[in-house]
Number of protein chains: 2
Amino acid sequence: MYGTYHKETTMAVLRNYPADLDPRVIDVIGRVADKWTMIVLDVLSEHGELRFSKLAQLASGISQKMLTQTVRQLERDGLVIRTIHPVIPPKVEYRLTDLGVSLAEALCGVWVWAAHNVDRIAASRRNYDNRSGD
Amino acid sequence: MYGTYHKETTMAVLRNYPADLDPRVIDVIGRVADKWTMIVLDVLSEHGELRFSKLAQLASGISQKMLTQTVRQLERDGLVIRTIHPVIPPKVEYRLTDLGVSLAEALCGVWVWAAHNVDRIAASRRNYDNRSGD
DNA sequence: CAGTATCCAGTCTGATACTG
DNA sequence: CAGTATCAGACTGGATACTG
């Protein structure tokens with residue numbers, strides 16, 4: 001997610017882009033390919049509309065700052081709708097838009113894959129680390 | 001991807017994890033949810049076995065450093081196999097393992113989603129930015 | 001409650017130079 | 001060719017303090 005500021009001074013520029021990967025799509029991927037984004041999207045798709053505090057509670061380990069930042073980006077990209085209820089104390093609720101739901105569905109496969117292969121990956125890492133640190 | 005060093009001092013710890021999301025799965029997601037990881041995986045799944053330089057060429061915008069780092073992680077996690085051909089000049093080739101292929105397939109849906117919705121997202125952003133900067 | 005503002009250590013990045 | 005080593009700067013996420 002730092003790629004946003006790379007000044008086109010990398011290898012690819014030497015041969016003016018393979019045009020294989022559309023920069024605009026890459027940009028979107030850069031947004032989606034973020035741990036907190038994936039987690040928030042997942043929580044929201046599993047629990048429906050949630051208020052800020054509940055969302056924080058369910059998104060294991062997120063800080064208030066990151067949660068705010070993440071939901072703002074999601075809102076900007078049209079994936080989440082933020083509803084402010086004018087009451088005291090404040091009540092703000094978040095829910096996925098149709099677009100957000102469709103992304104959550106696409107990401108679902110990744111979650112399933114991850115859950116299904118944790119052990120295999122852990123084993124591979126142990127193996128790799130033993131080789132190196134022989 | 002910075003989550004690896006968070007010292008359990010965030011909100012979730014206050015109510016000792018909802019246990020909803022498995023920390024080990026979160027860790028895997030953290031690895032996968034990375035721009036370069038997704039791009040390299042995608043390129044490798046589309047082009048089959050590739051040597052370092054070709055991979056760099058196809059993964060638009062990646063620096064040598066990040067490519068090396070990314071393929072090392074993928075190798076460690078058992079998603080990619082690195083073959084060193086003992087010739088001069090050196091020739092190193094990378095290809096997906098079965099596990100890597102299965103992840104690439106899961107990610108494919110995300111790429112399709114991204115390509116399919118670039119315009120909608122761009123529009124949403126313009127809209128959002130106009131509201132703010134009224 | 002739901003943020004915003006600020007500070008800061010730690011991390012990531014790209015550039016450059018060098019090796020087998 | 002395929003790296004490794006190093007460096008400075010940009011950026012990150014978390015903690016803390018404060019507001020409507």
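Below, each value reflects all heavy atoms present in this structure, side chains not excepted, and no hydrogens, waters or symmetry copies. In what follows, chains carry the letters A, B, and so on, assigned in the order in which the sequence lines appear, proteins first and then strands, with residues in each chain numbered from 1. Worth saying up front: this structure is predicted, and the values here are computed from it rather than measured.
Of the side-chain N and O atoms in Ser53(A), one or more sit less than 4.0 angstrom from OP1 or OP2 of dA2(C). Contact annotation: Arg72(A) reaches the phosphate of dG3(C) (side-chain N/O to OP1 or OP2, under 4.0 Å).
Checking side-chain atoms of Asp22(B) against main-chain N and O of Arg24(B) turns up a donor-acceptor pair under 3.5 Å.
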What's touching nucleotides 17-20 of chain C from the protein side, N or O pairs under 3.5 Å?
none

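One atom, CH2 of Trp36(A), and another, P of dG13(D), lie 9 Å apart when rounded to the nearest Å. The distance from atom CZ of Arg82(A) to atom P of dA2(C) is 10 Å, rounded to the nearest whole Å. Between the CG atom of Leu67(A) and the P atom of dG14(D) there is a distance of 11 Å, rounded to whole Å. Rounded to an integer number of Å, the gap from His85(B) NE2 to dA2(D) C1' is 13 Å. Atom NZ in Lys35(A) sits roughly 13 Å away from atom C1' in dT12(D) (whole-Å rounding). Taking atom NZ of residue Lys65(B) and atom P of nucleotide dC12(C), one finds them 9 Å apart after rounding to whole Å. One interatomic measurement links the two molecules: CD of Glu75(B) to P of dA2(D), which rounds to 15 Å at whole-angstrom precision. Rounding to whole angstrom units, CD1 of residue Ile62(A) and C1' of dT12(D) are separated by 14 Å.
Considering only heavy atoms from C-beta on, Asp129(A) comes within 4.5 Å of Arg76(B) through its side chain.
With respect to the salt-bridge test (charged N to carboxylate O, under 4.0 angstrom), the residues Asp98(B) and Arg120(A) do not qualify.
Between Ile81(A) atom CD1 and Leu44(A) atom CG the span is 11.0 Å, to the nearest 0.5 Å. Rounded to the nearest 0.5 angstrom, Arg95(A) CZ and Leu50(A) CG are separated by 12.0 Å. Within the model, atoms CG of Leu107(B) and CG of Leu41(B) stand 6.0 Å from one another, a figure rounded to the nearest 0.5 Å. Rounding to the nearest 0.5 Å gives a distance of 8.0 Å between CD1 of Ile29(B) and CD1 of Ile39(A). A distance of 11.0 Å separates CZ of Arg51(B) from OH of Tyr94(B), quoted to the nearest 0.5 Å.
Within 6.0 Å of NE2 on His116(A) lie no more than 12 heavy atoms contributed by other residues, nucleotides or ligands.
The residue among Gln69(A) and Arg51(B) whose nearest nucleotide of DNA chain D is located toward the 5' end is Arg51(B). Of the two residues contacting DNA chain C, namely Tyr94(A) and Met66(B), the nearest-nucleotide position lying further toward the 5' end is that of Tyr94(A).
Listed by first residue number, the stems of DNA chain D with at least three Watson-Crick or G-U pairs below 3.5 Å are C:1-20 with D:1-20.
Closest contact between the side chain of Ser63(A) and the listed nucleotides dG14(D), dT13(C), dG13(D) involves dG14(D). Nearest nucleotide to the Phe52(A) side chain, out of dC1(D), dT4(D), dA2(C): dA2(C).
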